[in-house]
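Structure first, commentary second.
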Amino acid sequence: AKSIVQPDVKPKKKLKLATCSLAGCFGCHMSFLDMDERLIELLERVELSRSPLNDIKTCAPDCDLGLIEGAVCNTENIAVLRHFRESCKIIIAVGSCAINGGVPSLRNNIDVKDCLDEAYLNGIGLVNPKVPIDKELPYLLEKVYPIHEVIKVDYFLPGCPPPADAFWKILNDLLDGKEPELPYDLLHFD
Ligand code: SF4
């Protein structure tokens, strides 16, 4: 009998990727999307889990990679961050906010009560001003923190935002099983 040699068609396991924005501006996600048509290529090797780019509400428990944009400014951010750390093997702090608090941490030398009063009581054009206190709302923390103050972080992708090419490089390094490394021209903090 003829033996039929089966080609090795086993598809490569896709990398499971989750992303989120804490106290961020979504600019890092926009920069991710700036990979443009390379996103199509990426989606052949990457499967999206929880992300603002889809409708998935929780991370798959076996995520490979979590990209976190934004600093930590309220109690919900802490819960999301812990969920990501529990679900993802590798966590990358993406952008200045996640890395060192970024622009949102400019409020750190102002009392949080003064911030709330300024926005909700003393702002112009307010009708029946009051500081919102519904239990549905997360509490602001006294300070804004970088994410490594709350969870262990594996890598940092700098920039405000990091360039699309930096996302591309770091993701491809990980997909190729290499230690992620950025060339000098993709490394900036503004
Ligand atoms: S690092 Fe910059 S682009 Fe990214 S979330 Fe913060 S402010 Fe936005």
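Counting convention: from 1, in listed order, for ligands and their atoms alike. Please read these numbers as outputs of a predicted model, since none were measured by experiment.
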* Structure fact -> Nearest non-hydrogen protein atom to atom 2 (Fe) of ligand 1, with distance, is Cys160 SG, 2.3 Å
* N, O or S atom of Cys97 closer to atom 4 (Fe) of ligand 1 than 2.8 Å -> no
* To do: Output the distance between atom CG (Leu182) and atom CG (Asp173), rounded to the nearest 0.5 Å.
  => 8.0 Å
* Ile68 side, atom CD1; Ile99 side, atom CD1 - distance, nearest 0.5 Å -> 12.5 Å
* Would you say Asp114's side chain and Ile110's backbone share a donor-acceptor pair under 3.5 angstrom? -> no
* Side chain of Glu69, backbone of His29: donor and acceptor closer than 3.5 Å? ->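 Here the side-chain-to-backbone pair exists.
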* To do: Tell me which one of Ser96, Ala93, Pro158 gets a heavy atom nearest to atom 1 (S) of ligand 1.
  => Ser96
Atoms in ligand 1 with a heavy atom of [X] nearer than 4.0 Å:
X: Cys28; result: 1 (S), 3 (S), 4 (Fe), 5 (S)
X: Gly95; result: 1 (S)
X: Pro161; result: 3 (S)
X: Cys25; result: 3 (S), 5 (S), 7 (S), 8 (Fe)
X: Gly27; result: 3 (S)
X: Glu69; result: 5 (S)

* Can you name the one residue among Asp165, Leu157, Ile170 that meets side chain to side chain contact (heavy atoms under 4.5 Å, CB included) with Leu186? -> Asp165
* Take Lys16 and Asp64 through the test salt bridge (Lys or Arg N to Asp or Glu O under 4.0 Å) and record every step on the way to the result. => CA-CA 5 Å; Lys16 258 187 211 163; Asp64 298 292; over 6 Å; no
* Asked: When you look at NZ of Lys14, are more than 12 heavy atoms from neighbouring residues, nucleotides or ligands closer to it than 6.0 Å?
  -> yes
